[in-house]
Amino acid sequence: MSQVLKTDAITMQFGGLTAVDSLSLEINQNDLIGIIGPNGAGKTTAFNMITGHYLPTKGNVFLNNEKINGVRPAVITQKGIARTFQNIRLFKDLTVLDNIRIAAHSRCEYGFFDSIFRTKKFKDYERKIEEEAISLLSIFKMQGYSDHLAKNLPYGMQRRLEIARAMATKPSLLLLDEPAAGMNPNETIELTKLIRWIRDEFKLAILLIEHDMRLVMEVCEKIYVLDYGKTIAVGTPSEIQNNPKVIEAYLGSEGVENE
Amino acid sequence: MLNYPFLGVLLASLLFFSCNKEEAATRKTNSSDQPAATTKAKSDDVIRVGAVFAMTGPIATYGQESVNGINLALKKINAESIKGKRIELIVEDNKGEPAESANAVRKLIDIDKVDVILGAVASSNTLAGAPIAQNQKVPLITPASTNEKVTQTGDFISRTCFTDNFQGVVMAKFAASTLQKKNAAIIIDNASDYSKGLASVFKDEFKKLGGTIIDQNFTYTQKDTDFRSLLRRVKRANPDVIFLPGYYTEVGLMLKQAKQMGINTPFLGGDGWDSPKLQELAGPEGVKGNYISSHFSADDKDEKVQAFVKDYVDNFGAKPGAMAALGHDGMLVLADALKRAENFNAESIKMAINSTKGFVGVTGSITIDENRNARKSAVVLETKPSGMSFKQKVSP
Amino acid sequence: MDYFLYLTQMCGIFMILAMGLNLINGLCGQFSLGHAGFWAVGAYTGAAFSVFTNLPLPGFIILLIACLLGFITAAIAGLIIGIPCLRLRGDYLAIATLGFGEIIRIIFMNMDSVGGPRGFTDIPKLSNLFWVYFFVVLSIIFCANLIRGGYGRAIISIREDEIAAESMGIQTFKYKTLAFCIGAGMAGLAGVLFAHTTQFISPNNFTFMWSVIILLMIILGGLGSISGAIIGAVILTLLPELLRLLGPTVSEWRMVIYSVLLILLMLAKPTGILGKKEITFSFGKKEKA
Amino acid sequence: MSEEFVFFLYDIATYLLNGITQGSIYALIALGYTMVYGIIKLINFAHGEFYMIGAFIGFYLITSGMPFVPALLIAMIGSGLVAVLIEWIVYRPIRSAGRISALITALGTSLFFQYAGQRVLGADPKAFPQAIKVKTYQIGEIYITNTQIIIFVSTILLMIFLWWLVNKTKIGKAMRATSFDMKAAQLMGINTNQIISFTFFVGAAFAGAAGVLVGLYYNTVEPMMGMIPGLKAFVAAVLGGIGIIPGAVIGGLVLGIAENLVVGLWVSTYRDAIAFAILILILLFKPAGILGENKKEKV
């Protein structure tokens with residue numbers, strides 16, 4: 001299987017604080033990988049380095065064997081990494097459909113003047129995008145909501161829309177930042193299914209950060225555990241569950257999370 | 001969302017409308033020989049005069065003073081009638097801004113149907129309104145805009161004050177003949193057309209009269225507050241007279257600093273100095289022994305002037321400045337022209353204004369020349385701690 | 001009635017200005033306070049073209065060329081200013097654009113060839129009601145088409161959430177610059193029309209206060225709404241003039257009344273008259289699926 | 001040393017002095033800007049008008065024979081009260097409606113004071129009485145007046161007072177809390193409305209003080225006088241890092257000194273252009289102002 005992402009001991013320092021210390025990830029196609037760790041362990045910082053929002057202090061990030069650190073986030077997205085955010089960042093005042101269409105814009109085939117003069121090329125492509133968007137919405141069980149404003153959707157649906165929007169960029173690697181945060185158990189179970197289904201349907205790799213242990217253990221095939229920026233364990237869910245270091249990090253500091 | 005047939009209809013109707021308007025405009029100019037009597041039936045006994053001045057905004061002082069002067073003149077004029085008619089004054093505020101001046105002029109012409117317009121003070125304001133008055137063939141008299149360009153707009157635009165150039169000539173003559181000076185330095189306010197204009201005329205005239213001009217760039221800009229380094233350079237160049245055509249705010253500070261630095265050479269200036277503020281800013285030491293050219297002096301012993309000063313003080317409780325006198329004379333010149341005009345249509349009013357000869361106002365005898373500028377005398381004033389005192393009258 | 005025709009033209013000119021700023025501020029979410037600067041660039045370029053070249057062409061062709069030049073130079077000015085400034089955010093961007101707006105004005109103040117502080121005179125009267133509204137309609141179509149296509153949506157996404165937009169593959173800097181340049185260009189276009197309507201321009205026409213008034217227009221109408229920008233432009237152009245017509249007492253106090261009305265309007269409708277809504281003409285339009 | 005060079009040094013010293021004086025005025029006004037901004041994120045465009053109001057109160061009091069120091073204090077209280085009133089009538093109702101609406105309201109308020117001032121007080125500049133006899137001290141070719149010293153010292157004293165108020169008093173703590181998170185402060189039992197009123201009061205009082213001092217320095221007051229210094233003070237506040245109290249003082253001084261120095265030594269026609277160019281340059285290297293933290297927006 002081909003390698004999608006590789007991080008080569010990436011390190012992020014803010015002033016004197018080392019938020020992430022030599023994190024080395026390897027993600028292959030169809031992998032479903034989790035990063036867990038207590039609050040402040042550096043999970044989101046790792047995401048921000050991968051997606052180009054932060055430039056790693058040390059180390060390199062490779063996407064499909066191409067070095068991408070120092071590349072702007074938008075370009076990285078165009079190269080195939082899409083993400084969601086811990087605190088939902090939808091385009092709140094826009095419709096669900098527009099949210100999806102904006103994500104598809106980086107693949108836009110018509111030029112600026114096509115859009116002003118409404119050429120045939122423009123119309124054809126707009127139609128194609130709209131159809132794609134609607135089918136994507138129906139995959140995420142949001143058909144019929146396309147004209148709603150994003151801010152008016154119920155919370156769980158906003159989370160789903162964020163994932164759908166990320167999928168509209170046609171990524172080869174999807175990063176999910178605490179997708180289950182704030183969801184009730186039923187919604188979480190559905191989400192678990194959805195994540196697995198996305199991976200199978202779109203044949204992509206998924207990397208997720210999660211606090212909800214049940215979800216991580218159930219869905220991930222490989223888990224990285226971070227604590228104070230350091231990688232303290234890597235392995236399958238069962239290996240991680242029995243790893244004494246992990247137990248110490250969790251039980252020792254804040255106990256098993258049970259949200 | 002928008003829909004194109006609708007926009008198309010809108011555009012087409014606008015096209016239609018605007019073509020009609022052009023036609024209407026042509027018709028209007030064709031029939032301009034007849035007074036637009038049909039549109040103002042009720043006011044047969046009234047001549048409407050519009051006044052565009054800064055009643056608010058940064059130069060409101062000038063505007064308000066001008067309007068005071070105009071009102072004073074108006075009182076006298078309306079005491080008797082002009083061929084059975086009375087003058088009605090409509091004042092519009094231009095906030096001291098060019099765009100607002102244009103709005104005000106249009107409003108006066110179209111809504112109030114004024115026969116003549118008086119205004120404005122700042123040349124840039126008058127320049128914004130003048131093309132409109134010219135296009136619509138409404139005579140416009142500016143009582144106080146001294147920039148050369150103003151009256152070049154067209155034959156309907158005239159002024160009752162002298163131009164910038166004239167002041168340069170007056171002060172050059174004064175420096176060379178009266179003061180017997182030979183070596184002049186010129187300090188220019190870089191942000192002002194007025195200053196540059198006066199300076200260049202002074203330079204030419206002073207050289208013509210046998211003087212020399214120190215060949216150095218002495219410049220400052222409005223809102224500067226410290227001129228010591230500039231003055232040090234001037235002092236080292238050792239002139240026997242300094243020409244400083246600027247506005248009183250900077251001039252005041254500069255005079256004060258010059259005195260502190262021991263510069264005792266006389267400074268000469270133009271009407272930009274003419275404000276009671278000058279004494280306050282420069283201090284008693286600073287103002288002493290300098291001369292300016294201006295339009296008017298409240299100290300002028302002339303009977304007419306003294307009557308005006310008394311009248312003004314009675315009405316407004318303060319001594320009139322140059323703007324009040326200029327506004328006053330502008331109105332009187334207009335009334336005089338209206339008396340001489342064959343009838344009250346724009347063309348004959350314009351002719352009458354432009355043929356004004358030797359009209360004696362409080363700012364001197366006014367003759368409108370072929371360029372529609374006033375040929376009139378200027379006064380040279382000596383600046384003293386107590387105020388400006390009359391020195392001499394210089395005729396063109 | 002020339003006065004009202006003239007005011008109608010002024011409304012049109014301010015509509016274009018407001019739509020341009022709406023693109024920058026309302027749609028792209030970039031707080032610009034330098035719009036009057038671009039207006040000045042267009043006005044001076046257009047006027048300089050028609051005065052100095054003096055081509056033996058029909059007036060409207062000269063006007064069209066001037067408009068094109070005004071648009072392009074103002075857009076280039078927008079590019080020059082936008083590239084360094086658009087990295088700044090919020091109030092910092094506002095103050096930097098304000099600074100550039102003033103710098104542009106001061107440069108014209110120091111250019112003797114275009115009249116310096118006295119102003120630029122003798123500009124031919126080439127613009128009329130038709131041409132002003134021709135460009136207004138063109139601008140409306142332009143803006144409406146822009147926001148209904150991918151480029152417009154990309155621009156709007158920056159207003160909504162710049163970080164999310166970047167993460168969705170939108171090169172935010174590029175689109176910010178695009179919106180900024182077009183907005184500046186539209187201001188330039190309005191400048192050309194303005195110069196050829198009033199026949200006289202001076203640096204004092206383009207002070208910081210005007211940037212603020214144009215901003216007022218779009219906020220009053222409803223930030224982000226094209227029809228709002230248009231309504232705002234009409235209200236703020238006509239209001240001070242209508243107050244003139246209510247007799248001398250009102251006229252004396254008109255600026256005071258104007259400011260009180262402004263405050264009251266904001267207190268009554270804080271999101272502007274239209275909010276983000278558009279007034280649309282629904283006849284003949286296919287319903288969206 | 002050549003004579004030229006000595007003169008050059010004198011020039012620089014003079015410009016520095018003038019820059020400090022002017023910068024102190026900017027700083028006093030900028031303090032109010034920055035406090036109000038810090039607490040409710042409002043660019044209070046009407047702030048320059050509080051400066052004008054202070055100057056006028058000072059003008060009328062001193063003209064009627066009051067000594068300088070009590071007149072200064074009453075002018076500060078007076079413009080502070082006007083600001084509290086304005087906050088209560090105009091800004092409070094619009095506070096929840098978002099920053100842009102509040103900004104427009106502030107502009108409206110600013111226009112209102114300028115034009116109402118022209119109608120009520122008269123448009124003509126009024127000569128500010130010489131409450132303190134001007135003395136000029138001369139060191140070589142450098143001249144310094146006692147008014148310049150008064151302005152600078154007052155600014156420093158007021159800034160120290162403000163620093164003490166914000167950092168060492170209970171109400172200062174409440175101000176900081178409100179500024180940090182208004183809702184949380186409310187939940188902790190802080191009467192945020194009162195705190196905001198108080199902030200307006202202090203900010204406007206400082207601007208009022210600047211107004212009286214400027215009247216003393218330049219000898220004139222007029223209703224439009226608040227516009228340009230208001231704008232410059234806003235620039236100064238941003239320059240220093242808006243919301244940061246020492247930043248306002250540093251921003252004001254930097255702006256004042258840079259303006260005078262560059263203009264004096266270089267070209268004065270481009271005075272304001274240079275002030276803005278400096279501002280833009282600084283912002284390009286320090287996008288959040290001189291003292292502002294360059295923090296990236298949190299993802």
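Reminder, nothing fancy here: chain letters follow the sequence lines and each chain counts from 1.
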Check your understanding: At what distance, to the nearest 0.5 angstrom, does NZ of B:Lys149 lie from CZ of C:Phe120?
Key -> 9.0 Å

Review point. Rounded to the nearest 0.5 Å, how far apart are CG of B:Asn103 and OG1 of C:Thr198?
Key: 10.0 Å

**Study point:** Residues in residues 201-210 of chain C that sit under 4.5 Å from chain B, counting heavy atoms only
**Key:** C:Ser202, C:Asn204, C:Asn205, C:Trp210

Exercise for review: Could you tell me which portion of C:Thr8 (side chain, backbone, both or neither) has an atom closer than 4.5 angstrom to a non-hydrogen atom of chain B?
Suggested key: neither

Point to revise | Side chain, backbone, both or neither of C:Met109 within contact of chain B (heavy atoms, under 4.5 Å) | key: neither

Review point. Any side-chain heavy atom of B:Arg106 within less than 4.5 Å of one from C:Leu7?
Key: no

Point to revise | C:Arg244/B:Glu100 salt bridge by N-O under 4.0 Å criterion | key: yes

Check your understanding: What's the spacing between C:Gln199 CD and B:Asn135 CG if we round to 0.5 Å?
Key -> 5.0 Å

Practice item. For the pair C:Arg254 and B:Lys95, evaluate side-chain contact (heavy atoms from CB on, under 4.5 Å) and give the outcome as yes or no after the intermediate values. Key: CA-CA 11 Å; C:Arg254 75 193 169 104; B:Lys95 288 162 69 188; 3.9 Å; yes

Exercise for review: With a 4.5 angstrom heavy-atom cut-off, could you sort out which part of B:Ala104 is near chain C: side chain, backbone, both or neither?
Suggested key: both

**Study point:** Greatest number of heavy atom pairs closer than 4.5 Å to chain C - which of B:Leu108, B:Ile132, B:Asp93
**Key:** B:Asp93

Point to revise | Heavy-atom pair count under 4.5 Å with chain C, highest-scoring of B:Gln152, B:Met55, B:Lys196, B:Glu92 | key: B:Glu92

Practice item. To the nearest 0.5 angstrom, please state how far the CZ atom of C:Phe200 sits from the OG1 atom of B:Thr126. Key: 9.0 Å

